Amino acid sequence: MADSDYRMKLLLIGDSGVGKSCLLLRFCDDSFATSFITTIGIDFKVRTIDVDGKKVRLQIWDTAGQERFRTITTAYYRGAMGILLVYDITDSSSFQNVRNWIGSITEYAAENVNVVLVGNKADMEDSKRQVTKDQGQALADEYKIKFFEASAKTKFNVEEVFESIARDIKTRLEETSSKIELPPAKFIVVDPQAPIRKRDNYQNCCG
Ligand SMILES: Nc1nc2c(ncn2[C@@H]2O[C@H](COP(=O)(O)OP(=O)(O)OP(=O)(O)O)[C@@H](O)[C@H]2O)c(=O)[nH]1
């Protein structure tokens, strides 16, 4: 039996320090580190989850937020089926940069990639907050993407974020595969180099 029904490549992007590595660690290993060790280049982890009775294997790539790694990390947009764009609710510049990150997605990712906006560090006291929940929601609405506030520290909404994007990708894949139709038999082009058995079938059905 196959180990999964679906395999999905996800990407975590956003400014340095917003908590991408911590979200990945929380989701895949259920742990949290208070020390800040910036990601060098790129790293990934895997977790299989159940989505509506189907096994979904998520391969999640954690990119470095720092500008100096940008040429390495953009290569990983190719083939990504979903992107979690993360900002820090206590850092307004990380929120302002969301528009630039959207620009990178438009430039480097597939056109139909699913994107979720995540306002991380929702556990922080109100006095530290620089971006309101309404501002996050309004920006997500503008780009017609889903929005969650979350906390890698307290686990708040972490499962929900990953489950939501996996479900949306699964729906998209199901819709796409149901749209692929075979052409009518008379239009099937037969390769003369193809094995005899295949050509016989062709002659039986059409000739
Ligand atoms: N309070 C709080 N702190 C967090 C949370 N998530 C991450 N942090 C802290 O934020 C700092 C940066 O977290 P990282 O996950 O390393 O950030 P990053 O986005 O991966 O950064 P780069 O690898 O440089 O791109 C660390 O000190 C974490 O402990 C959270 O949900 N709440």
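Note that the coordinates shown come from a computational prediction; the quantities given were computed from them, not determined experimentally.
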Hey, mind stepping through I169 and L10 against side-chain contact (heavy atoms from CB on, under 4.5 Å) and telling me if it holds?
CA-CA 10 Å; I169 295 169; L10 303 181; 3.6 Å; yes
- Show your reasoning for whether side-chain contact (heavy atoms from CB on, under 4.5 Å) applies to M8 and I165. CA-CA 10 Å; M8 298 175 187; I165 197 160; over 6 Å; no
Apply side-chain contact (heavy atoms from CB on, under 4.5 Å) to E142 and R99, showing your working. CA-CA 11 Å; E142 191 183 320; R99 287 186 193 279; 2.8 Å; yes
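There is no path of hydrophobic side-chain contacts, each under 4.5 Å, that joins V161 to F32. No continuous path of hydrophobic side-chain contacts links V118 to V115 [ILVMFWY only; heavy atoms under 4.5 Å]. W61 and L58 are members of different hydrophobic clusters when ILVMFWY side chains are connected at heavy-atom separations under 4.5 Å.
Residues L12 and L24 meet the side-chain proximity criterion, which asks for heavy atoms closer than 4.5 Å. Two residues are said to be in side-chain contact when any heavy atoms from C-beta on lie closer than 4.5 Å; N120 and V18 fail this criterion. At a threshold of 4.5 Å between non-hydrogen side-chain atoms, the residues T63 and Y77 do not count as touching. T176 places none of its side-chain heavy atoms less than 4.5 Å from the side chain of N112. L11 is listed as a side-chain neighbour of Y76, based on a closest heavy-atom distance under 4.5 Å. A heavy-atom distance below 4.5 Å is not found between the side chains of D91 and K121. When side chains are defined from C-beta on, I102 counts as touching I145, because their heavy atoms get closer than 4.5 Å.
By the 30° and 60° cut-offs, the orientation of the rings of F162 relative to F27 is parallel.
The local environment of OH in Y108 is sparse, with at most 12 non-hydrogen atoms from other residues, nucleotides or ligands closer than 6.0 Å.
Considering only residues two or more places apart in sequence or on other chains, E125 meets the side chain to side chain contact (heavy atoms under 4.5 Å, CB included) condition with S127, K128. Scanning for side chain to side chain contact (heavy atoms under 4.5 Å, CB included) contacts around D29 gives L25, S31, K45, with sequence neighbours left out. Not counting sequence neighbours, E111 has no partner by the side chain to side chain contact (heavy atoms under 4.5 Å, CB included) test.
The stretch residues 6-17 participates, sequence neighbours left out, in these salt bridge (Lys or Arg N to Asp or Glu O under 4.0 Å) pairs: D3-R7. Residue pairs that meet the ring-ring contact (aromatic ring centres under 6.0 Å, His included) test with at least one member in residues 111-154, sequence neighbours left out, do not exist here. Each salt bridge (Lys or Arg N to Asp or Glu O under 4.0 Å) pair with one or both residues in residues 145-156, not counting sequence neighbours, appears once here: D30-K155, R129-E149, K146-D168.
Between the side chains of S21 and D62, a donor-acceptor pair is found at a separation under 3.5 Å.
Between C22 and A33, the shortest heavy-atom distance links the atoms SG-O, 3.7 Å. Scanning all heavy atoms of the two residues, the minimum distance from V56 to A166 falls at CG1-CB, 4.4 Å. In plain terms, the two heavy atoms of C28 and I60 that are nearest each other are SG-CD1, 3.9 Å. A pairwise comparison of heavy atoms in I49 and R47 identifies CG2-NE, 3.6 Å as the closest pair. Of all heavy-atom pairs between F95 and G136, the closest is CE1-CA, 3.9 Å. Scanning both residues, I13 and K20, for their nearest heavy atoms gives C-CD, 3.4 Å.
Of the options K170, R167, R172, a side-chain hydrogen bond (donor to acceptor under 3.5 Å, both in side chains) to N114 is made by R172 and by none of the others.
A distance of 8.0 Å separates OG of S151 from CZ of R26, quoted to the nearest 0.5 Å. Atoms CG and OH, from L117 and Y87 in turn, are 5.5 Å apart once rounded to the nearest 0.5 Å. Here CD of Q66 is found 4.5 Å from OG of S16. Values are rounded to the nearest 0.5 Å. In this structure, I89 CD1 and D123 CG are separated by 7.5 Å, a value rounded to the nearest 0.5 Å. Atom CG in N97 sits 12.0 Å away from atom CG in D88 (nearest 0.5 Å).
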